[in-house]
Number of protein chains: 2
Amino acid sequence: MAGNTKERLLDSSGELFRRQGYMGTGVKQILAEAGAPFGSLYHHFPGGKSDLGAETVRRSGFLYGLLLGEFAGPEVELAGGIRAFFAGAAGTLRETDYADACPIATVALEVSSSDEEMRQACADVFNAWIEGGTARFELAGIPHARARTLVIQMLAALEGAFVLSRALRSTEPVELAGEASVASIEAALAA
Amino acid sequence: MAGNTKERLLDSSGELFRRQGYMGTGVKQILAEAGAPFGSLYHHFPGGKSDLGAETVRRSGFLYGLLLGEFAGPEVELAGGIRAFFAGAAGTLRETDYADACPIATVALEVSSSDEEMRQACADVFNAWIEGGTARFELAGIPHARARTLVIQMLAALEGAFVLSRALRSTEPVELAGEASVASIEAALAA
DNA sequence: CTTTCACTAGAGCGATCTATCTAGTTTCCC
DNA sequence: GGGAAACTAGATAGATCGCTCTAGTGAAAG
């Protein structure tokens, strides 16, 4: 095997955690998906599953933040970018049979009252999203405090819509959450 | 033991699933919390853990819907009731050290791509909340389609805010989601 | 060529998981 | 009181869990 075993482990665990959560994913399943033996896991992640879990959360969260930035970066108009991002999220849900939504939300809910290290990893990711989003909204001319409020409301709408859409097997909640978020942004820009 | 063992089992599993999810809660833990032996569980729930899980989701979801109805029932003004409900949810989070949020969201994310029976139970609960909420919003004078949209957006905001608030250990997301929901409702009532 | 070290490989361990099984107790109807 | 049904009780089975351990491989350094 080439020297990309660690990345394959992170890719596999990221995908599995996103769909079935942390508790619902066994180490053996991650190893099978990555095509790696036990030895490799405990070489790259001495702390075992929780070590891999924390790093997976940080990495998957970072990548998802990048994705958001690609849709709504400074080079595109803000409201249109956000609209496209929600539409893309709805499309991904449809294409993956409602499996792929937020990569860390399931884990966040599972661990936030029982595993402080992993809860902190999730909190760091959410804070990074909030700060990155706030900066982008400010760039569009929205004052700092209002920008931060709007971003938190948008992220809440997105995360909650993912919960509803996956359970209901319908993209309607994601689409409606996108509409509400876009409307709030347009109102803030018009003010 | 009196004849309330089944209820104690449902109460215990409801509380544990809310905090740690379905996969993160063991049968033994539920039994210990309820003070019941294995035999009682498999007598009342022949299908075992998944049987108990599905019934817990339906029951907890129903009770949470009742709670929402108590805050924002027909006898109070709609926007004020919703505001009070979000404030209450924030208070509960604070009082329980950010443990008690939505009783079924964690389970919904965990099972919606792997256990069809439980996913359906979650979907039934969400649909009941949407229908109940839509009826209440219509009663306040909001047209059906708009009412339904607003309710879905409000539930998404609530669920997502719970994810953020628990991970960040802050009530800010829930409070901001409440403000956004109340503002949308007031705008619809003014139209 | 040899030593070294990062990494692969997987057998096997103890703990824990859900579920079953038999036995005992309580309740209620006749 | 007698008997059936509902329920409690917990030991135990069998599978699976995360993890440790030793051995082996490949490439780079000296």
Nearest-angstrom distance from the residue atom [atom1] of [X] to [atom2] of [N]:
| X | N | atom1 | atom2 | value |
| --- | --- | --- | --- | --- |
| B:Q20 | C:dC17 | CD | P | 11 Å |
| A:K28 | D:dC19 | NZ | P | 14 Å |
| B:F38 | C:dT16 | CZ | P | 13 Å |
| A:Q29 | D:dC19 | CD | C1' | 18 Å |
| B:L52 | C:dT18 | CG | P | 11 Å |
| B:L9 | D:dA6 | CG | C1' | 15 Å |
| A:L16 | D:dC17 | CG | C1' | 16 Å |
| B:K49 | C:dC17 | NZ | C1' | 9 Å |

How would you label the contact of [X] with the nucleic acid (heavy atoms, under 4.0 Å): base, sugar-phosphate, or nothing?
| X | value |
| --- | --- |
| A:G48 | sugar-phosphate |
| B:G26 | sugar-phosphate |
| A:T25 | sugar-phosphate |

With DNA chain C as reference, determine whether A:P37 or B:M23 sits nearer its 5' end, using the nearest nucleotide of each. A:P37

Is A:D100 paired with A:R94 through a side-chain N to carboxylate O contact shorter than 4.0 Å? no

[X] and [Y]: side-chain donor and acceptor closer than 3.5 Å?
| X | Y | answer |
| --- | --- | --- |
| B:T171 | B:S165 | no |
| A:S113 | B:R166 | yes |
| A:Q29 | A:T25 | no |

With the side chain defined as heavy atoms from C-beta on, B:T5 is closest, among C:dT18, D:dT8, C:dT8, to D:dT8

Given D:dC7, D:dG10, C:dA9, the nucleotide with the shortest approach to the side chain of B:H44: D:dC7

C:dC7 phosphate, OP1 or OP2: any side-chain N/O from A:S40 under 4.0 angstrom? no

For D:dA9, take OP1 and OP2 only and decide whether either is under 4.0 Å from a side-chain N or O of B:H43. no

Is A:K49 close enough and on-axis enough to A:Y42, meaning under 6.0 Å and within 45°, for cation-pi? no

